[in-house]
Each structure stands twice: as C-alpha cells, then as structure tokens.
Amino acid sequence: MKNSQPKQYRAPERGIAMITALFALLILSALAVGMMYMATTDTQINANYKESEQSYWAARAGLEEVRARLMTVGGDLLPSAPAALPPGANSVLYVVNPSLQDAGISHALPMAPWDPANVYYDTTLCSAFGIQMTVACNPATPPSFSTANGINSATSNSINPFINQANALSYKWVRVTLKANNSSGFPVQAAGDPVPNNTTPICWDGQQQLIKPANYPVKCDSTPALLPGTADSPLLTPVYILTSYAVTPTGSARFAQMEIANNPPFITNAAVDSIDNVVLNGSLTVDGYDNCNCSCGLQGPKNNQVYVCVDRAGMTCDRSKYAIFAQGNVQNPGPSEQITGGNAGGPISEGNDGTNGKPAFPYDINALINTYKNGALDVTKACPSPQTSPVTSPCGWSCSSGDCGTHSNATAGVPPTFPPSPPAAPVGPPDMSTQVTYVPGNVQLTSGATGNGILIVDGDLDIHGGLEFYGLILVKGDIKFTGGGSNATNIYGAVLAGQESYVDNTLGGSAVIHFDSCALRHNQVPSPPKMMAFRELTF
C-alpha cells in the first residue's frame with residue numbers, strides 16, 4: 001500500500017560550511033593581524049624605551065666622569081674649571097665625547113656645542129645664561145657663543161676609552177659652570193639675601209650651600225680677608241653645575257644635570273679644641289700661632305726672653321687662632337707649660353657653651369668622624385701578605401668590645417722629617433705620605449708612633465711614649481698625652497677631642513702641639529666631589 005503522507009520540503013544547504021569556514025578564517029586572520037600589530041607596537045615601545053634608557057644612563061655616565069675629574073686631589077679638570085660666572089672669561093667648560101658615527105655628520109667634528117650650526121648644539125646654554133651673556137635667546141635664530149661669552153678655549157675631551165670609536169658612550173658633551181643663585185631654578189635664599197639672580201655665586205661650606213660672602217673671591221676657594229668682628233672666615237669651595245647631553249644613533253636624546261662641590265679642608269679654632277675640661281701638666285707646649293705662615297721663637301736675653309712670631313717669607317702670619325679652645329674649663333698653665341697664641345682674647349678660650357656671651361662649641365665630632373671615616377684605612381683590616389716596607393698603615397688590630405689595646409711604633413702615614421720643623425707649605429718633601437686612619441675604639445699608642453693625614457679614634461686615645469704627627473687628630477672621647485722617657489710628642493696641625501668624655505682631657509708629658517693650617521689643608525680626602533642635587537631636564 002502506498003504511503004499517502006505528503007513529502008516535506010527541505011531547503012538546499014549546500015555551501016553553508018564554506019561560508020562559515022571563511023568567516024571563521026576572517027576572524028582568525030583579524031586576530032592574527034591584531035596580535036602581530038600589538039607585538040610590533042610592543043617591540044617598538046620596548047626599543048624606544050631601551051634607546052631612551054641608553055641615552056639617560058649615557059648622560060649620567062658623562063656627569064659621573066666629569067664629577068670624578070673635578071675632585072680636589074688629582075682632578076685633571078680642575079686647572080681648566082670655570083673661574084667665573086658667565087660671561088666672565090673661562091666661565092663655560094665643555095667636555096666632549098665624539099663617536100666614529102659622528103664622522104659623517106656635517107659640523108659634528110670637531111664638536112662645538114656653542115655653535116648653532118653644530119648638530120649637537122647646546123640649546124640649554126642660552127636659556128640658562130643668555131641674559132648675562134647679553135645674547136638674544138631667539139629659538140628661531142639660535143645664537144652662537146664664543147670665548148667672548150666665556151666659552152673656555154681649552155675644551156676638553158672625554159677620557160672614555162672608546163672615544164672616537166663606534167662603541168663610544170652616547171653622551172656628546174658635559175657643560176661645566178659655576179652655580180649662580182638662580183641658575184638651577186631653586187635659589188639659595190634666606191632673609192636679607194640678595195634677590196635671586198644669575199650673577200650671585202654659590203659656595204659650599206661642607207654642610208650647606210650659601211650665597212658667596214662679599215669678602216670671598218668668585219670661586220670661593222681662596223683664603224678671604226677676615227670677616228668683620230670674627231676671628232676667622234670659614235673655608236668654602238665653589239658649587240659647580242654639570243649639564244650632560246646624550247643622544248643615541250636613532251635620535252633618542254636626554255638631558256641630565258647635577259650640582260657638585262668638593263668638601264673644604266677642615267680648619268679648627270685652635271691647636272687643641274675640646275668639648276670637655278682640659279688639664280695641663282708636664283713639660284707642655286701648645287702654640288696657636290699658625291706654623292704654616294708664622295715663624296716663631298724666643299728672642300732677647302736669657303733672663304728676659306720673649307716669644308715672637310713674624311711672617312714667613314711671602315706670607316702673612318695668622319694670629320687669629322687660640323692655643324686651646326674648650327667648651328669646659330682649662331687649667332691655669334704652670335711654669336713648665338708654654339701656652340701661646342695670637343688671638344686678641346688670649347691664647348686660651350674656655351667656657352664656650354653658648355651662654356654668658358660665649359660662643360657655642362662649633363663642632364659635631366660624631367658627624368665629622370662619620371664623614372672622614374668613609375674610605376679611611378681601618379686598623380682592623382687584614383694585613384697584606386707579604387707586607388710591604390715601610391709599613392705606612394696599621395692593620396690586623398683586634399678591637400673587641402670597643403678596646404683596640406696598646407700598640408707600639410704604629411705608623412699611620414709618613415710625616416715630614418722631625419726635626420727640623422715640618423714644611424711651611426701644603427706640599428712637603430718626597431718622603432711624606434698622607435692617609436686617613438680609623439681606629440674603631442679605645443687605643444693606647446706607645447714607643448714613638450708616627451703619622452700623617454687624619455687619625456680618627458672612635459673612642460679614647462692615650463699617647464704614652466711619644467708621637468710625631470702632621471695633620472688632624474680627631475678623637476671621639478678623651479685624649480691623654482702622658483709622654484714617657486725621651487720620646488716627645490710633636491703634632492703639627494690640630495687636635496679635636498671630647499664628644500663623649502667622662503673625665504677631663506689631659507695634655508701633658510713632653511708634648512709640643514703647633515697649630516698648622518698647611519697640615520690641615522693638606523688632608524683633603526681624595527674622593528669625587530659631593531653630589532648635592534640631581535635632576536633630569538626636559539626641553
């Protein structure tokens with residue numbers, strides 16, 4: 001029997017699978033293209049970031065190179081460092097760093113950042129100093145500078161080992177100028193100071209920046225005339241601004257800037273400065289006349305001799321220092337104790353605690369120790385094997401529980417020959433060797449110790465049996481000179497003691513202590529200038 005059900009109609013479905021596949025392929029292709037685009041973009045971003053970082057760190061490297069070359073001890077750039085603010089003569093120094101890739105760039109070699117035709121033209125010089133240089137700073141027509149605007153004719157080359165090679169660091173130049181009161185955008189301003197400008201130089205006193213006092217030279221680094229109403233003027237050093245420009249072969253450029261200054265040498269008020277009481281005994285001589293520029297001695301008949309100090313040849317005798325300057329009391333000198341100094345107030349200044357019209361004791365001994373012990377030769381370090389001769393630095397000392405024991409014939413640097421008197425200039429004979437020596441605890445030195453530079457004792461110091469030292473002795477606690485036999489104590493420089501003392505500082509034995517600014521100036525630590533500020537410039 002035939003099926004009487006009618007046939008159902010079905011629409012044709014041929015080709016739908018292909019359309020679906022093509023649509024899916026289109027979506028996948030779009031996703032793939034998008035991912036490729038994203039990957040390419042990420043690669044470009046990473047490449048740009050890499051180039052930017054390369055130029056940034058190259059600019060930093062340029063700053064660090066020039067900073068190291070401006071150190072007070074051994075800095076080869078110091079002779080050509082700026083001597084004035086722009087537009088004074090030799091007021092802008094460039095240190096340039098050409099690469100082999102620059103050879104094909106028009107006007108790139110020799111590099112002349114002050115020339116607008118140069119590819120590496122210094123676009124920041126005009127904005128920083130254009131007013132003083134009396135040059136119109138028009139971005140449309142960049143000005144050209146010259147020696148008449150203070151550009152140093154002795155532009156220096158980098159000491160980069162790959163200079164003029166393809167793999168040279170990508171910084172192109174570092175500009176060195178003295179800092180003015182408004183040249184960084186952050187004036188050194190205090191009540192009563194001049195209005196911020198780019199004609200007032202800035203100095204560094206070892207603790208803070210300050211506007212150059214009127215009686216100092218522009219660079220702040222020469223001994224000035226005495227400030228009115230004061231016993232002495234502090235030593236200052238100039239603050240330099242370093243500006244670095246770096247650009248990679250692909251054109252990524254960065255500017256960086258740093259403010260630096262060398263710490264001035266530390267000059268004390270007296271031959272002996274103490275925050276504690278001072279006891280005098282024995283055959284003792286403490287002289288505040290500056291041995292660096294004063295020639296002193298007894299004159300007249302034997303029964304009526306007078307201690308007289310005169311100028312050394314070509315120098316002016318400094319009579320402003322005390323023999324002893326103390327926050328506590330100083331025992332009256334006895335017949336065997338010769339305490340001399342040229343200060344109008346007398347050779348001894350005591351009770352300096354900031355009351356009763358007396359000045360406050362000006363030194364933070366802990367801070368000074370922390371400053372000078374960085375990079376010092378620590379007596380606890382292991383001794384070299386074999387040891388060299390002569391031994392100029394103590395080593396291998398045991399300083400358990402803050403006690404470094406007793407040591408004989410310790411040598412902490414090589415002083416000038418004693419006698420005769422040490423040299424009257426910072427540069428002594430060839431047998432001298434200066435160093436900073438750090439003793440991390442109490443110590444007794446016996447049997448003719450010698451030294452030159454800075455001796456830091458982070459505790460109490462007992463000198464028994466003689467010492468010959470040229471420089472600064474910095475003691476956190478008590479200091480005792482107890483002499484001993486025929487070994488005399490001879491110190492040319494200064495002694496600073498007593499931050500945490502519980503018994504009086506004792507000066508005795510057969511000690512001879514002469515203030516000597518040459519010995520103190522001689523002791524600047526050979527380290528790069530202090531970095532006081534860093535910033536990146538955006539132009």
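All of these numbers come straight from a predicted model, not from anything done at the bench.
- Under the 6.0 Å cut-off for aromatic ring centres, Tyr492 and Tyr470 do not qualify, their centroids lying 6.0 Å or more apart.
- Checked by atom type and distance alone, the side chain of Asn343 pairs as donor or acceptor with a backbone atom of Ser320 at under 3.5 Å.
- Between Tyr363 and Phe361, the ring planes lie perpendicular to each other; the angle is over 60°, past the 30° to 60° tilted range.
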Using the rule given for side chain to side chain contact (heavy atoms under 4.5 Å, CB included), can you reason through Asn291 versus Phe515, listing the C-alpha separation, both sets of side-chain angles and the distance that settles it, and then say yes or no? CA-CA 6 Å; Asn291 184 72; Phe515 179 83; over 6 Å; no
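- Judged by distance alone, the side chain of Asp273 and the main-chain N or O of Ala270 form a donor-acceptor pair under 3.5 Å.
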Could you walk me through whether Leu474 and Ile365 satisfy the side chain to side chain contact (heavy atoms under 4.5 Å, CB included) test, starting with their C-alpha distance in whole Å, then the side-chain angles of each, then the deciding distance to 0.1 Å, before giving a yes or no? CA-CA 8 Å; Leu474 180 57; Ile365 296 180; 4.0 Å; yes
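- Classification of Glu64 and Arg67 as a salt-bridged pair holds, one side-chain N sitting under 4.0 Å from a carboxylate O.
- Partner of Asn452 under the side-chain contact (heavy atoms from CB on, under 4.5 Å) criterion, chosen from Thr434, Val414, Thr437, Thr411: Thr434.
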Derivation of the side chain to side chain contact (heavy atoms under 4.5 Å, CB included) call for Val379 and Tyr438: CA-CA 6 Å; Val379 298; Tyr438 177 66; over 6 Å; no
Could you give me the CA-CA distance, side-chain angles and deciding distance for Glu51 and Thr250, then say whether side chain to side chain donor-acceptor pair (under 3.5 Å) is met? CA-CA 8 Å; Glu51 292 287 323; Thr250 60; 2.8 Å; yes
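- Atom CD of residue Glu65 and atom CG of residue Leu70 lie 10.5 Å apart, to the nearest 0.5 angstrom.
- Sulfur-to-sulfur, Cys518 and Cys292 sit under 2.5 Å apart at their SG atoms.
- To the nearest 0.5 Å, atom CD1 of residue Ile151 and atom OG of residue Ser91 are 7.0 Å apart.
- Ring-plane geometry between Trp114 and Tyr94 is classed as tilted, the angle between the planes lying from 30 to 60 degrees on a 0 to 90 degree scale.
- Looking at Asp290 and Lys321, no side-chain N of the basic residue comes within less than 4.0 Å of a carboxylate O on the acidic one, giving no salt bridge.
- Asn181 contributes a side-chain N or O that, together with a main-chain N or O of Val188, makes up a donor-acceptor pair within less than 3.5 Å.
- The SG atoms of Cys395 and Cys383 lie less than 2.5 Å from each other.
- A 4.5 Å side-chain heavy-atom check between Lys172 and Val247 finds at least one atom pair inside the cut-off.
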Could you walk me through whether Arg175 and Leu125 pass side chain to side chain contact (heavy atoms under 4.5 Å, CB included), step by step? CA-CA 9 Å; Arg175 185 184 73 224; Leu125 178 61; 3.8 Å; yes
